[in-house]
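Okay, so here's the structure we're looking at.
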Number of protein chains: 2
Amino acid sequence: MLKMKKKISERTIERLSIYRRYLKEIQAQGKSRVYSHELAKVVSGTAAQVRRDLMEVGCNGCSSKGYEVESLIIEIGDLLDCSEVENVALVGVGNLGRAVLGFFSGKKENFDIVAAFDSNPDKCGRIICGRRCYHMDDLQEVFQKNRISTAILAVPVEEAEKVAKTLVEAGVRAILNFAPTHLTVNNDVFIHTLDMTMELEKTIFFSRQNLNLKEG
Amino acid sequence: MLKMKKKISERTIERLSIYRRYLKEIQAQGKSRVYSHELAKVVSGTAAQVRRDLMEVGCNGCSSKGYEVESLIIEIGDLLDCSEVENVALVGVGNLGRAVLGFFSGKKENFDIVAAFDSNPDKCGRIICGRRCYHMDDLQEVFQKNRISTAILAVPVEEAEKVAKTLVEAGVRAILNFAPTHLTVNNDVFIHTLDMTMELEKTIFFSRQNLNLKEG
DNA sequence: TTTTGGTTGTTAATTTTTTCACGTTGTGCA
DNA sequence: TGCACAACGTGAAAAAATTAACAACCAAAA
């Protein structure tokens, strides 16, 4: 590697993704420049933090005119996106799976959900939210044919571990896991678990703490 | 307040929630004791971190026998849970809303989704996943009658801000927001945004970084 | 009984992340 | 032009989170 890019923290990556969405939003509204304090608001952070995040990406703004929206979008994209659109598969076409498909439908992003999988034969062969649903048995084949290396796992928790194993065997590189369980995989596949129960419990906890702070 | 409980970090709260789920799981399997390194695995952390988290809660284990599963569950519950079950409302009965309802159905937790709301009259009056669906117009009334102080917001992004305002007016204390946008509320309502696009982008980014580390 | 091996509780050290502070710079106005 | 203002860039400081280290402890085996 010619240029040693220093590691960027997970937190910064999260914020960059959020900055970018907001930037696209205001770009669509015709804004061409933005200040750090405006970006700070959308991540509930500080202007200094935004400037620091953008510094890591190598963006540079301009005193008293702020940052150029278009450049920011491009530069954040250079960091976050692959050169080609990333092909993603949804595994598990239950309620949640369909909701996820719907959620990402029609969005223009640097990734694309190109296929869905389910073990229920009734669901296979159909088109769901614009994506063909295949049987789990065809997973490996479809993954290779479509160069899919990221999967969204939305199967019942009892099956999650087993299906994850299948995904790893199919050569997946990353899994976004909606099942409320820790997945142990042998290979060094990147697994990110999105734990809705935990998120709700956390929300409730801090709302109560908020209250205590006011009352106590 | 007699005992000044020191503030517990968000990260620790997240892990505690995950520990607890795992503890309930192994308790159901008949395990009565657990080691810190076992808990570490389910959060992809270290044993030291687990011990530290548990110390904050005031749990104490026993050398060479580890922690008692039942005590841990109770002590984490004492911290995380309210005295009564927390009543939660779902707002927005689209694909995602229904999926969320389904996701939490039949789970025995310290919270309970007791009502759903939608602005589409066709959906109102019906029972969806075991919960009655009301019209948005009845929100304030139902919130007060059922002492609902937490809402899950699953409406289209265009409506999120407006609906959030309604929720705040209805006296909600916390919102778990699925809409990919920052909500600005006047009051000090606790808002936690669960941003699926960001989570997926993050997953893709780190899977690629993973790859680079191996290849580079 | 004594030793051995493995775990907890906790303090200290380290690392990471965030915030502060301030020199620099571009803009607009008088 | 010169001044005031507001924003950026960034090193330093502070705060927060994680990891390391180790004494104390327990259980089981020798």
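Below, read A as the first sequence line, B as the second, and so on, with proteins coming before strands; counting in each chain starts at 1. Keep in mind it's a predicted model, so treat the numbers as computed, not measured.
With sequence neighbours left out, A:Ser64 forms a side-chain contact (heavy atoms from CB on, under 4.5 Å) with no residue at all. The ring pair (Phe, Tyr, Trp, His ring centres under 6.0 Å) search around B:Tyr22 returns none, not counting sequence neighbours. Scored by the ring pair (Phe, Tyr, Trp, His ring centres under 6.0 Å) test, B:His37 finds B:Tyr35 as partners (sequence neighbours excluded). Remark: B:Arg52 engages no residue in a side chain to side chain donor-acceptor pair (under 3.5 Å) (not counting sequence neighbours). In this structure, the side chain to side chain donor-acceptor pair (under 3.5 Å) partners of A:Glu38, at least two apart in sequence or on a different chain, are A:Lys31. In this structure B:Tyr67 satisfies the side chain to side chain donor-acceptor pair (under 3.5 Å) test with no other residue, sequence neighbours excluded. For the side-chain contact (heavy atoms from CB on, under 4.5 Å) test, residues two or more places apart in sequence or in another chain that qualify with A:Ala89 are A:Phe117, A:Phe143, A:Ile148. A:Glu68 meets the side-chain contact (heavy atoms from CB on, under 4.5 Å) test with A:Arg33, A:Ser71; sequence neighbours excluded.
Of all nucleotides in DNA chain D having an atom under 4.0 Å from a heavy atom of chain A, the first and last in 5' to 3' order are D:dA7 to D:dA12.
With rounding to whole Å, A:Glu10 atom CD is found 16 Å from C:dT15 atom C1'. Whole-Å rounding puts the A:Arg15 CZ to C:dT16 P distance at 16 Å.
Side-chain N or O atoms of A:Arg208 include one that pairs as donor or acceptor with a backbone N or O of B:Leu80 at under 3.5 Å.
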Report all interatomic pairs (protein N or O, nucleotide N or O of nucleotides 8-11 of chain C) with separations under 3.5 Å.
from	atom 1	to	atom 2	distance (Å)
C:dT8	OP1	B:Ser36	N	3.0
C:dT8	OP2	B:Ser36	OG	2.6
C:dG9	OP1	B:Gly61	N	2.4
C:dG9	OP1	B:Gly61	O	3.3
C:dG9	OP2	B:Tyr67	OH	2.7
C:dG9	N7	B:Arg51	NE	3.0
C:dG9	O6	B:Arg51	NH2	3.0
C:dT11	O4	B:Arg52	NH2	3.3

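Residue contacts for A:Arg33: at a heavy-atom cut-off of 4.0 Å it reaches no nucleic acid atom on any strand shown.
The list of side chain to side chain donor-acceptor pair (under 3.5 Å) pairs with a residue in residues 153-162 of chain B, not counting sequence neighbours, reads B:Glu161-B:Thr184.
When base pairs are accepted only as Watson-Crick or G-U wobble with both N-N or N-O distances under 3.5 Å, DNA chain D takes part in stems of 3 or more pairs at C:1-30 with D:1-30.
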